[in-house]
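Scroll down for the structure; my scribbles are underneath it.
These numbers come from the heavy atoms of this one structure, side chains and all, not from hydrogens, waters or symmetry mates.
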Amino acid sequence: MEKFRRPLAIICLVLMGILIVGAIVLAVIGTEEATKLLMADLFCLMVVPAVFYGYQMFLNGVKRRREEENE
């Protein structure tokens with residue numbers, strides 16, 4: 001499970017960067033559709049880090065259980 005952390009972190013950072021650039025572009029465009037897309041983009045900017053943090057907590061729990069079983 002440890003080998004999935006670094007690639008997942010890189011994917012998360014790239015996704016966050018894309019979402020930030022998208023938010024800036026959508027804010028500059030300013031049409032009605034762009035406003036709706038901007039709200040969806042901002043929602044994703046809040047959800048993606050929360051999901052990543054939850055996945056890290058899950059991996060820590062699995063790691064602890066395996067260590068306790070090995071003892």
Side-chain angles (χ1 to χ4, degrees):
M1 298 271 179
E2 194 70 30
K3 62 183 174 185
F4 294 120
R5 277 192 173 179
R6 186 166 297 208
L8 186 64
I10 292 170
I11 290 170
C12 185
L13 287 175
V14 169
L15 183 60
M16 293 294 294
I18 291 170
L19 287 172
I20 290 170
V21 169
I24 292 170
V25 170
L26 289 170
V28 170
I29 292 174
T31 63
E32 186 175 329
E33 289 109 13
T35 304
K36 292 177 184 177
L37 290 172
L38 178 63
M39 291 299 123
D41 193 326
L42 294 175
F43 175 77
C44 289
L45 276 171
M46 291 183 275
V47 170
V48 168
V51 169
F52 180 68
Y53 181 72
Y55 185 69
Q56 279 187 325
M57 287 178 53
F58 173 74
L59 286 179
N60 284 338
V62 169
K63 183 179 177 182
R64 285 187 195 140
R65 285 186 189 146
R66 285 189 179 177
E67 288 175 357
E68 289 175 358
E69 288 175 1
N70 290 337
E71 291 178 356

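A continuous path of ILVMFWY side-chain contacts below 4.5 Å connects L45 to L15, so both sit in one hydrophobic cluster.
Evaluation of the side-chain contact (heavy atoms from CB on, under 4.5 Å) rule for F43 yields V47 as partners, not counting sequence neighbours. Under the side-chain contact (heavy atoms from CB on, under 4.5 Å) criterion, M39 pairs with L42, not counting sequence neighbours. The side-chain contact (heavy atoms from CB on, under 4.5 Å) check on L13 picks up nothing, with sequence neighbours excluded.
Interatomic distance, R64 CZ to L59 CG, rounded to the nearest 0.5 Å: 11.5 Å.
Here the shortest heavy-atom pairing between C44 and P49 reads O-CD, 4.2 Å.
Connectivity analysis of hydrophobic side chains (ILVMFWY, heavy atoms under 4.5 Å, direct or indirect) links Y53 to M57.
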Identify all side-chain donor-acceptor contacts of residues 18-38 below 3.5 Å with residues at least two apart in sequence or on another chain.
{"unit_1": "T31", "atom_1": "OG1", "unit_2": "A34", "atom_2": "N", "d": "3.2"}
{"unit_1": "T35", "atom_1": "OG1", "unit_2": "T31", "atom_2": "O", "d": "2.8"}

